Amino acid sequence: MDERERARARARAKAARERERKKRVMRIRIAILVILAAVLVVLLILVARLRKNSGSDTADTAASAVSQVESTETGEAGESEGIPIDTAEETTPAAGSREAIIAEAQTKALQYDYQGAIDLLNTVSNLENDTEASNMITEYQTAMSSLVATSPYNVTHVFFHSLVVDPSRGFSLTDDNSGWNNGTEGFCEWMTTVDEFNRIMDQMYERGYVLISIYDMVEETVGEDGVTYMTPKEIYLPEGKIPFVLSLDDLSYYHSYDGRGCATRMIVGEDGTPTCEYVDADGNTLVGSYDCVPLLDDFLEEHPDFSYKGAKGTIALTGYNGILGYRTDYCYRDRVDLTSDQEAWLAIHPEYNWETECANAKAVADAIKADGWTFASHTWGHIHIGDVDMERLQTDTEKWLNYVETLIGDTDIIIFAHGQDLATWTEEYESTEKFQYLKGQGFNIYCNVDSSQYFVEYSDTYMRQGRRNLDGYRLWQAVFGGDDKTSDLYDAASVWDQQRPTDAELYDLM
């Protein structure tokens, strides 16, 4: 065999060895793929079990490992260290972890609770070596040093009733269009529409208003004599921010609201937070943000800096039709002292059970409090507190304590109905018999209705504040009546719902 033939033989042998090597590599790769596939199945099972049992961060870690295995095997180059962006899941930091502490501190700082944010950051492990956390502490200390005090005497208090979702029903005509339907005048005066509420919140936010709790205005201490004493308290916010208090009246969804395009009751949503049921014009029951509580929650989720330290509003409840849309009063239970509306409601709800109704109402009230809201008395019977005698006041208060406070928990706030107060402007407040009685029942904060920008009064034993009605009456007066008492809050003409009637007689009774 000459040299040429030997070279060709060597080439054939080399080619055969290369083919054999490639076969071995292919068999090894197949074996690796089989093993990795088995590992992937195990990891997927682990992820499913962990998420089902605890939803912990371990599951997310396993899921990340799965993604890495998939990325490595398929050869895809993700934008985040080999993990495709569209497969990476957003995870919630574990409670108590550094990431959770950082996130909570950032939220507190957004809501002007810089000291609370600093206290949290000081719990970060190995803080001296954590540049981010240390820098945040320095930043918040600087921000806190620049806060400006606002006197509680310069805090305005605004309030709403339940909102009108469907103006065509809330401000409706008679069936033959010959005149206004029964109740239309009241709805035009007292109610605000969903769109109007949202515009008011938007404009107040743009003007620098920040929602505070009424308790941020007062320091309450109990003396050795057992009496609660009240001391004014300043509110500290960045320069240009304006604190205000918000309250809601009559969140009981009275029978008189039926069919008028309002929410029908409060419920606990699937996520555990309070929301509303609403029956539309076709009779469909819908769940969502159909009244002030969930609407404000939605707004604060987008604008956390609209709230001071997470403050929400105060909800003033009567009791004679129950609370929060639940028929919890004794008259439904005992079938006594019933109005025609109550009798009609019971007639179409033969399944009604008072204990169940109370339990459901309490669950909703608990969720509302957990959400940051507070409750107040609006008197059981929505009474004219300045006009009733002492016997009527005592009877009414006992009913409220027995059939409302037992469901919502203790409160020391009373918000008077009809814009009245328990004393005239010429009377010395603390010396009146009605004040002495209500103070003895545990009430320390008293609110009336006052159209002025600020009305705040303190004594040793009470705080008193006027509230401004942001309703149809105020809107009509500002837009058409030449009497704009809300220009510091918003532009009434741009807030006005164009579906409202403009007839003057519908707005001049308040």
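Quantities reported herein were computed from a predicted structural model and do not represent experimental measurements.
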Can you tell me how the ring of [X] sits relative to the ring of [Y], calling it parallel under 30°, perpendicular over 60° and tilted otherwise?
X      : Y      : result
Phe435 : Tyr462 : perpendicular
Tyr429 : Tyr446 : perpendicular
Phe480 : Trp476 : tilted

List the residues meeting salt bridge (charged side-chain N to carboxylate O under 4.0 Å, His left out) with [X], not counting sequence neighbours, and say none if there are none.
X      : result
Glu277 : Arg265
Asp371 : Lys312
Arg500 : Glu196

Go through the steps to decide whether Phe443 and Ile413 satisfy the test side-chain contact (heavy atoms from CB on, under 4.5 Å), and finish with yes or no.
-> CA-CA 6 Å; Phe443 294 107; Ile413 308 171; 5.9 Å; no

Within 45° of the six-membered ring axis of Tyr490 and under 6.0 Å from that ring's centre, is NZ or CZ of Arg207 located there?
->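 Judged by the rule, Arg207 and Tyr490 form no cation-pi pair.
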
Exercise answer: donor-acceptor pairs, residues 213-224 side-chain atoms, under 3.5 Å, sequence neighbours excluded:
| unit_1 | atom_1 | unit_2 | atom_2 | d |
| --- | --- | --- | --- | --- |
| Ser213 | OG | Tyr215 | N | 3.1 |
| Tyr215 | OH | Asp412 | OD1 | 2.6 |
| Asp216 | OD2 | Ser213 | N | 2.9 |

Side-chain donor-acceptor pair present, Asp341, Tyr254, cut-off under 3.5 Å |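 Note: Asp341 and Tyr254 side chains miss the donor-acceptor criterion.
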
Do you see a donor-acceptor pair shorter than 3.5 Å between the side chains of Ser459 and Arg464?
->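 Ser459 vs Arg464: no donor-acceptor pair found between side chains.
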
Go through Asp195 and Thr193 one step at a time and tell me if the side chain to side chain donor-acceptor pair (under 3.5 Å) criterion holds.
-> CA-CA 5 Å; Asp195 286 344; Thr193 69; 5.5 Å; no

Quick one: list whatever passes side chain to side chain donor-acceptor pair (under 3.5 Å) with Trp496, sequence neighbours left out.
->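 Not a single residue meets the side chain to side chain donor-acceptor pair (under 3.5 Å) criterion with Trp496.
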
Does the Asp250 side chain pair with the main chain of Ser252, one donor and one acceptor, at a distance under 3.5 Å?
->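 Answer holds: no.
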
Could you tell me whether the side chain of Ser247 reaches within less than 4.5 Å of the side chain of Arg467, counting heavy atoms only?
->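 They are in contact (side-chain heavy atoms under 4.5 Å apart), so the answer is yes.
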
Centroid-to-centroid, Tyr326 to Tyr253, below 6.0 Å?
->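 Centroid distance Tyr326-Tyr253: not below 6.0 Å, so no.
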
Any salt bridge (charged side-chain N to carboxylate O under 4.0 Å, His left out) pairs touching residues 384-397, not counting sequence neighbours?
->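 Pairs touching residues 384-397 that pass the test: none.
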
Are there more than 12 heavy atoms of other residues, nucleotides or ligands under 6.0 Å from atom NZ of Lys362?
->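 Open.
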
Taking NZ, NE, NH1 and NH2 as the nitrogens, is one of them in Lys485 or Asp483 under 4.0 Å from a carboxylate oxygen of the other?
->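 Looking at Asp483 together with Lys485, the answer is yes, because their closest N to O distance falls below 4.0 Å.
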
